[in-house]
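Data block below; observations after.
Quick note on labels: first sequence line is chain A, next is B, and so on, each numbered from 1.
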Amino acid sequence: MSYSQRETPILAELCTFLVEHVYGELAARVFSVLARFGRQRLGDLSRASYLNGRQLKYGLVILIQQHLVFHSPADAKYMFYEIDWQHSYALVRCGKIAKLVEDRFGKKAANVVSNLLTLGHTRIADLKEAYFPSHTDSDDESDDGIVNGVGLRKGKANGTRLNGAVEKINGTANGKPTDDEDAKPATETLANGVNTSKATSNPVKVNGVSKETTDRDTTDGSEELDDGSIGSAEELHATIQLLMERGWVMKVEDAQYLSPGDLHDIARRQAADEIFGGIIPTGTKDKDKLAAGTQQHKRRIRDAWLEVPQACTRKRKAADTDYGASNKRVKVNGGYGVSGATSGNNEDDLVVRVNPEKIAVAMRTEQLVHLVEQRLGYTTARIYQIMLRMLESNLARCYEEYPDPPLADPEKAPDNGIDPRLLVTTRDVAKQTKDLDICEGLDPHAIAQITKRTHVEKRTNVLSQPIDPSTLSHDERVRIVHKHISLLSEDPFHFVTWHTRAGYSQWRIEFDEIMKGLIQHEIENTIASRKGALGVKLIRALRKKGKLDERQTCNTMMMSANDIRGIVNDLTVQGFVQTQEIPRVERREAKHSIHLIWYDRQRAREKLLHDTYKGMVRIMQRIAFEREKVQPLLAKAERSDVVGNEAKYLSKGELEALKKWKEVEEKLLLQLFREDDLVATLRDFIGPLVSV
Amino acid sequence: MASASVAAPSPAPKQEDGAPPEPPAVNRMDLLYEKCAEKPQGTVFFQRDLSNMQVAETMGELTTLLQELCDRHLMKLMTFDGEPCWKLRSKEEAQKLLRLTPDERLLYHHIDQVQSEGIWSKALRMRTNVTQQVLTKCLKSLESKDLVQSVMSVKFPNRKMYLLKHLRPSEDIAGGPWQSEGDFDTALIEAISGVVAQFIEQETCTKVPGNWNDYAPAHRIAAVAQKKAHVQRVRDIEDAPPVRPYRPPMHPHQTKVVHKNNPHYPTAASVAEWLNAKEVIKGKVVREADMDQLLEMMVLDGRLEKISGTNYRTVLSATDTKVFNGFVDAPCGNCPVFDLCGDEGDISARTCIYFGDWLATESEAV
Ligand code: SF4
């Protein structure tokens, strides 16, 4: 997390906009104070924010439930709050996440996940309650219908639980539940957030909780949402279990609230206890050992979050209950108010959330597939998609954030070989290609050679005897798929790497190298758009050759100095090209100096990331401005008497304006999500690069 | 001596039948010149070659004749391995040389000595000890008389190198076949990379018509319906609905270019060989290193890509629509005032004309 946790003013601004967009003004105000002042205690917060204690706590509850802030461990002397930048930024991804889940696990899972995103971390029991309200206290539902009732009750339930948590942490607050008036707008904003971000993805119907269904005034949203809705509590459990086993949903634990600094301290203390009996060593060698131990403990803490609890996997057999209960209580009993679990159902007490690291893995898959589609065509891209998705469940994250420190002598590193779970065989891929015309995208000669039932007409390149892919034998299929995979491996990006002959051929994917290439690709794309082919050529030349003086640059690009000076200047100004002057004479006259230019991929990456954040801020600002312009109209359109009767109450011009606003918002949001894709490429797929 | 190094072994002495008639002394000089001129241009004559021509009667006479020719600049005295030897000059050249001032002649002599390697003006001054003024003046005059040329060195880009007009500068100063006058010959590079790109595409790619595998005549409507039916994802194998395999819509007349099956990927050496065999560039031979330079440059240009250490192939792109990335496809990514743009003020997202154009909405007036 440390890499993405480094915040810049522009990221702070962006995140504040996102929080406001999704959770409303109160949460945004608390957030912006934390963003501006950094790590704070509650008292400092209230002094800096002009908010009263109750408002402040309510804001914090939202932020904590959504994992947007860290706080100190429960046993710390003072409770500090600090922003979790990675999660805060991730708000922009909500819509995308639902789509990613839907592509892999179908609509039901997407439904569950988008509810999890809306609610923040959630006790499974509460989730169940949201879907299948128990009608015990139905008095407050009589007016609004079931769905609305759920919304309210949800707010209450969450509020209580979280306040409980805050109480425990602070030791001050009084566990007072937020009243309905507070909770309602919050819930609506949540749902809104999801709805708007769905603009790009296939709309995932949110069953029972979102405003969408509320508006429709249905008593039971599930009727019209055929396969997207969850039919029973068992189904919900099964879906969650599947998502947990694949690593998309994980347990919520205390340590997730530790800021990187706190986590480091704790892991370090654990390592010191384990290795040196609690004494922090002083020798250099021992210090290295401690550093390695610290990283190891961080990994251990983190990996524990992904373990799927026993009770979940064993389908709650009665015999297991006791064991599971005690087991879990130890784990969860960290201070989130679950200790009061009296429901008797252990699984229900589990608090879960979406695992952001897995989202990054899935986003990486999508982007790679997209790139392959551009380079090698549709069919090869689909085959790559199959390979990547097969690996996904075995990939917890894109890159190790807490690697062991590099060994002084790399020769001595134990050669562990490659984890067999990261390998894919052609045969296994071929099995999944039944709904794909795998002959497409290859040289017809390859098909002729493999099937032997046809030949290629010399002049036209047409098969004499067409080959229907559904008639291919298994063996032919494997060999054709192998041709596609070979294209992937030959490509300069080296999308796959040959490993062994097992399963016709067995492949691995060297993500780190590909990701470096992908970052470079995006930097080149940026330059291509701004400065055209010449700029890209210069950057590639520098990337290949390192530091160059003018003559060397000319020679590499085979152009005259006059033709490249302009572009060198432009790219220097934009921060993509670095310059250096090495004096050759005592007096350091510029005339006699050697002027070098070079390109630093990491710097370019950071510059582009920063600029992209800024571009996103501008889009958010423009959305706000566009909305402001139609605000009176929006207010009118949202009036309860107008909703549903738009044609009657709104003039033609007003309807036009509303439509235009929708289009504008959609276009802007779409662009925002595309910028987020770029951010993911630049930031989330690989750690800092050491270049030059 | 550069020129001497190219000296061919002396031709076999020519034996003539009977004694030739005695030509008058003045004409003997012309005769010797003519005889030498019969040999291929640039031939170097040693004393025994000249005496074998049997123009002069005695060694002494030959020496006088040669002296005379040298004085008239029709011949040039050189040495090879310590042995004197001579080379012919054209009559026009000799005419021009006759009219030179002594300073000019001195400079000419030195420039002549270095042959195609050329000499840097500063080095020239050091060797001749003339003043800068004289040097500049004389070089100018020599250039105007079409006797010498100046070339910018490729190795030392700020050095002006002088060499005789009729010589082609060596690669050291003029660079490889891609350069002329010390600069890259853009037109030539453009033309040659065009042919090379075509050649490599032929070798590594193949054109496939839309109907190459016409197993089920594609109804456009059916294809569209199929696309809709096709779920673009891979579910667990069990619940994947195996309808007909999805195929992207075909356009029979639209050809696609795909990578060839088992191609022979060209290398710098093989491309150079092909190019030289076709004699595309007149009078120049492209060495492997030159071709390497060109191919690497084409990789930078994005026309070729490197497949392994030495093999190249054509870059293909399966989609023609050019989108860059989320950032630069939005107004801000290409905005000229990006760095000046703030949260509020005259340049901001509210007042932005670029957003206004892009969204077709009104921006706030400033
Ligand atoms: S908002 Fe407008 S002016 Fe500001 S950076 Fe973006 S495009 Fe440029």
If we ignore hydrogens and angles and just use 3.5 Å, is the side chain of [X] paired with the main-chain N or O of [Y] as donor and acceptor?
{"X": "T454(A)", "Y": "P466(A)", "answer": "no"}
{"X": "R104(A)", "Y": "L100(A)", "answer": "yes"}
{"X": "Q374(A)", "Y": "L371(A)", "answer": "no"}
{"X": "W661(A)", "Y": "E626(A)", "answer": "no"}
{"X": "N461(A)", "Y": "K207(B)", "answer": "yes"}

Could you tell me whether [X] and [Y] make a salt bridge, using a distance below 4.0 angstrom between a side-chain N and a carboxylate O?
{"X": "K99(A)", "Y": "E102(A)", "answer": "no"}
{"X": "R674(A)", "Y": "D677(A)", "answer": "no"}
{"X": "E201(B)", "Y": "K260(B)", "answer": "no"}

Counting heavy-atom pairs under 4.5 Å to chain A, which of [options] comes out on top?
{"options": "V258(B), N325(B), L316(B)", "result": "N325(B)"}
{"options": "A349(B), C332(B), P331(B), C352(B)", "result": "A349(B)"}
{"options": "R350(B), K256(B), R313(B), Q293(B)", "result": "R350(B)"}

inquiry  = Is the positively charged end of K667(A) above the ring of W358(B), judged by distance under 6.0 angstrom from the centroid and angle within 45° of the axis?
reply    =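 Yes, a cation-pi geometry holds between K667(A) and W358(B).
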Where does [X] contact chain B at under 4.5 Å (heavy atoms): side chain, backbone, both or neither?
{"X": "D491(A)", "result": "both"}
{"X": "M558(A)", "result": "both"}
{"X": "A528(A)", "result": "both"}

Measure distances from [X] to the heavy atoms of chain A and classify the residue's part below 4.5 Å as side chain, backbone, both or neither.
{"X": "I189(B)", "answer": "side chain"}
{"X": "S363(B)", "answer": "both"}
{"X": "D329(B)", "answer": "both"}
{"X": "C205(B)", "answer": "neither"}
{"X": "C341(B)", "answer": "both"}

If you define the side chain from C-beta out and look only at heavy atoms, does anything of [X] sit under 4.5 Å from [Y]?
{"X": "L376(A)", "Y": "Y384(A)", "result": "no"}
{"X": "L463(A)", "Y": "V456(A)", "result": "yes"}
{"X": "L14(A)", "Y": "V92(A)", "result": "no"}

request  = Kindly determine whether Y354(B) and N334(B) satisfy side-chain contact (heavy atoms from CB on, under 4.5 Å), including the steps that lead there.
outcome  = CA-CA 10 Å; Y354(B) 307 104; N334(B) 268 312; over 6 Å; no
Top contributor to chain B interface from [options] [non-hydrogen pairs under 4.5 Å]:
{"options": "D611(A), T460(A), T526(A), V462(A)", "value": "D611(A)"}
{"options": "E373(A), E663(A), E628(A), E457(A)", "value": "E628(A)"}
{"options": "L538(A), T681(A), T380(A), I467(A)", "value": "I467(A)"}
{"options": "G615(A), S529(A), A541(A)", "value": "S529(A)"}
{"options": "A381(A), S560(A), A624(A), G377(A)", "value": "S560(A)"}

query = What closest approach, in Å, do S470(A) and R477(A) show between heavy atoms, and which atom pair accounts for it?
reply =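 The pair with the smallest heavy-atom distance is CA-NH2, 4.4 Å.
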request  = Using heavy atoms and a sub-4.5 Å threshold, report which of residues 296-306 of chain B line up against chain A, by residue number.
outcome  =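 Residues E296(B), M297(B), V299(B), L300(B), D301(B), G302(B), E305(B), K306(B) are the ones that qualify, each having a heavy atom under 4.5 Å from chain A.
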